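Source: prediction; values computed, not measured. Computation of the quantities below employed the complete heavy-atom set of this structure, encompassing side-chain atoms and omitting hydrogens, waters and symmetry-equivalent molecules.
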Amino acid sequence: MGNSALRAHVETAQKTGVFQLKDRGLTEFPAELQKLTSNLRTIDLSNNKIESLPPLLIGKFTLLKSLSLNSNKLTVVPDELCNLKKLEMLSLNNNHLRDLPATFGQLSALKTLSLSGNQLRALPPQLCSLRHLDVLDLSKNQIRSIPDLIGELQVIELNLNQNQISQISVKISSCPRLKVLRLEENCLELSMLPQSILSDSQICLLAVEGNLFEIKKLRELEGYDKYMERFTATKKKFA
């Protein structure tokens, strides 16, 4: 894309605080954004070909609340991104990420995190430090099991659809705020689904279609009635 077009986008962003440049074939994070580190609140560079983020620049957007880099070619997230203390929404769907930086828990304002369509093989433990995280999308990765640390996750909605999950820790039932759990199209046997999810959790929407059991068998489990009470009560609330 031409320099003049990019300049026009930068000038607009200077006034609005929003920089959006999708589907432009960009291979690099625009260096021109250096001028806007103190006033950008939203950056959306989805559907480009960006392979890496400039560490020194990315950590300087101190007012940034929303960052979308879906459908790029990112293989790592630099530590410096974790300096963005006001970031509330981070969307990195459809990249090539295998893990997250150790400092990821410093994104203390984060409310929504989307990592669908990456190459994560495990639940990143850093996510359990995010006290305000409401929605976490880890669908379409390569996660095989859910460990005990899941009990510390603060999310309200957790999407684990289309992974390779065959084991789930019973601690998932003690997630303090978890209401919506999506586990569709995994490798779960019915015996591997903790019964306490039905009887002793806050979960009021459990989506488990496309696993290694028939849904009608789920209805025969002890605790299913309790789950249905929560499900129905929530449905009424939003009706």
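Every residue was checked against the side chain to side chain donor-acceptor pair (under 3.5 Å) condition with E51, not counting sequence neighbours, and none meets it. Residues forming a side chain to side chain donor-acceptor pair (under 3.5 Å) with T232 (at least two apart in sequence, or on another chain): none. With sequence neighbours left out, Y224 forms a ring pair (Phe, Tyr, Trp, His ring centres under 6.0 Å) with Y227. Residues passing the side chain to side chain donor-acceptor pair (under 3.5 Å) test with T42: none are found, sequence neighbours excluded.
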Candidate pair L84 and L81, rule side-chain contact (heavy atoms from CB on, under 4.5 Å), full reasoning: CA-CA 6 Å; L84 304 180; L81 182 95; 4.0 Å; yes
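Under a hydrophobic clustering in which Ile, Leu, Val, Met, Phe, Trp and Tyr are joined whenever their side-chain heavy atoms come within less than 4.5 Å, directly or via other members, V77 and M89 fall into different clusters.
Other residues, nucleotides and ligands place more than 12 heavy atoms under 6.0 Å from the CD atom of E32. Residue K73 qualifies as open at atom NZ: its count of foreign heavy atoms under 6.0 Å is 12 or below.
Closest approach of G117 and N141 over heavy atoms only: N-ND2, 4.1 Å. Nearest heavy atom pair, residue P194 against residue I172, reads CG-CG2, 4.5 Å. Nearest heavy-atom pair, I146 versus I165, reported as atom, atom and distance to 0.1 Å: CD1-CD1, 3.9 Å.
Checked by atom type, the side-chain pair S46/S71 shows no donor-acceptor distance below 3.5 Å.
Listed by first and then second residue, the side chain to side chain donor-acceptor pair (under 3.5 Å) pairs that reach into residues 170-182 are D134-R177, E157-R182, S173-S196, sequence neighbours excluded. Residue pairs meeting the side chain to side chain donor-acceptor pair (under 3.5 Å) criterion with at least one partner in residues 55-66, sequence neighbours excluded, do not occur; the list is empty.
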